[in-house]
Amino acid sequence: MNLKVLDLSRVLAGPVCSMMLGDLGADVIKIERPGQGDETRGWGPPFNADGESAYFLAVNRNKKSIAADLSNEADRAVVIDLIRSADVVLENFLSGSLARLGFDPEDLLEQNPSLIWCTISGFGPESTRPGYDFVIQAECGWMSVTGEREGSPMKIGIALADVMAGKDAAIAILAAVAERGAGSPSREKRLIHISLAD
C-alpha cells in the first residue's frame with residue numbers, strides 16, 4: 001500500500017486504526033509529545049526487558065515516531081510540512097483544539113485536495129466531552145450484560161469501544177482512499193468523523 005499516514009492520535013482508538021493501516025503496508029508517522037510521548041508508554045506492567053510498555057508496543061508497531069510540541073512554532077512548521085506530504089491525517093483531539101493550535105482541518109483540506117482527514121472523538125463533532133471507553137461501556141449498556149447475573153454491572157475485559165472505533169476508522173479511511181483513486185471526492189467525503197459512542 002503506497003499510503004502516507006500522519007498519526008496525531010494517542011492512547012488506543014487512533015493508534016489501533018494506524019496500526020491496522022501500517023499492517024497493510026502504509027507508511028505511518030506518529031507524532032508524540034516531547035519528553036513523555038504517548039501516555040501509554042508508561043502504562044504497565046507488563047514492560048519488556050528494555051522497560052517498554054507492552055500496551056504501547058501492542059498498538060504502535062509498524063510506525064515511526066517523532067516528538068513535536070504543537071504549541072511550538074518551529075515544531076508546528078515541521079508538522080504542517082508532514083501534513084502537506086501526507087495522504088491521511090488521523091487525530092483524536094477534542095473538538096476545536098487543533099484549530100486553536102493552527103491546524104484547522106477545513107483549511108488544510110482546502111489547501112490539499114487529495115488529503116483525507118479522520119477525527120476520532122468520544123461523542124461526535126459537536127461534543128466537547130472527552131471519550132473514555134469505560135464511560136461509553138456504561139452509557140451504552142454493555143456493562144449491564146457483563147459479569148455475574150446477580151452482580152453489579154461490569155466493564156468488558158478489553159477497551160471494546162476504542163478497538164471498534166479504531167477498526168471503523170481504518171475501514172472508513174480505506175473507503176475514502178478507494179474513492180479518491182476513482183476520482184476527486186468532495187471535501188465532505190474526505191473529512192471522516194468516527195465516534196466511540198456510535
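From a predicted model like this one, the values you see are computed outputs, not experimental measurements.
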Supply the atom-to-atom distance [X] [atom1] to [Y] [atom2], rounded to the nearest 0.5 angstrom.
X    : Y    : atom1 : atom2 : answer
S9   : E32  : OG    : CD    : 10.0 Å
L8   : C118 : CG    : SG    : 11.5 Å
R76  : D69  : CZ    : CG    : 8.5 Å
N60  : T40  : CG    : OG1   : 6.0 Å
D87  : R180 : CG    : CZ    : 4.5 Å
R129 : S121 : CZ    : OG    : 11.0 Å

Determine the minimum heavy-atom distance between [X] and [Y], stating which atoms define it.
X    : Y    : answer
A165 : A13  : CB-CB, 4.2 Å
L115 : R190 : O-NH1, 2.8 Å
S195 : G122 : OG-O, 3.0 Å
L101 : S71  : CD2-CA, 4.1 Å
A170 : C17  : N-SG, 3.5 Å

So, K63 and S18: side-chain donor and acceptor under 3.5 Å apart, yes or no?
yes
Do Q137 and D133 have side-chain atoms, one donor and one acceptor, less than 3.5 Å apart?
yes
Please check if [X] and [Y] belong to a single hydrophobic cluster, counting links between Ile, Leu, Val, Met, Phe, Trp and Tyr side chain heavy atoms closer than 4.5 Å.
X    : Y    : result
L6   : M19  : no
I116 : I120 : yes
M20  : V28  : no
I29  : V89  : yes
V59  : V163 : yes

When you measure from the side chain of [X] to the backbone of [Y], do you find a donor-acceptor pair of N or O atoms at a distance under 3.5 Å?
X    : Y    : value
S53  : G44  : no
R10  : D38  : no
S127 : G124 : no
T119 : N92  : no
N112 : L108 : no
D162 : L196 : no
N72  : A74  : yes

Is any side-chain heavy atom of T146 closer than 4.5 Å to one of P153?
no
May I ask you to test the R41-S65 pair for a side-chain heavy-atom distance under 4.5 Å?
yes
Can you tell whether the side chains of R33 and E39 come within less than 4.0 Å, N to carboxylate O?
yes
Chi angles and distances behind the side chain to side chain contact (heavy atoms under 4.5 Å, CB included) call for M164, D198:
CA-CA 10 Å; M164 289 173 56; D198 287 345; over 6 Å; no
Pair V79-L70, side chain to side chain contact (heavy atoms under 4.5 Å, CB included): steps then yes or no
CA-CA 8 Å; V79 175; L70 299 185; 3.8 Å; yes
Test log, rule side chain to side chain contact (heavy atoms under 4.5 Å, CB included), inputs I173 and I192:
CA-CA 8 Å; I173 288 168; I192 299 165; 4.0 Å; yes
Of all residues at least two apart in sequence or in a different chain, which pass the ring pair (Phe, Tyr, Trp, His ring centres under 6.0 Å) check with Y55?
W43
Tell me which pairs pass ring-ring contact (aromatic ring centres under 6.0 Å, His included) where either residue lies in residues 74-120, with sequence neighbours left out.
none
Where at least one partner belongs to residues 118-153, residue pairs that pass ring-ring contact (aromatic ring centres under 6.0 Å, His included), sequence neighbours excluded
none
Run the side chain to side chain contact (heavy atoms under 4.5 Å, CB included) check on L21 and L174 step by step: do they pass?
CA-CA 9 Å; L21 296 174; L174 292 174; 3.8 Å; yes
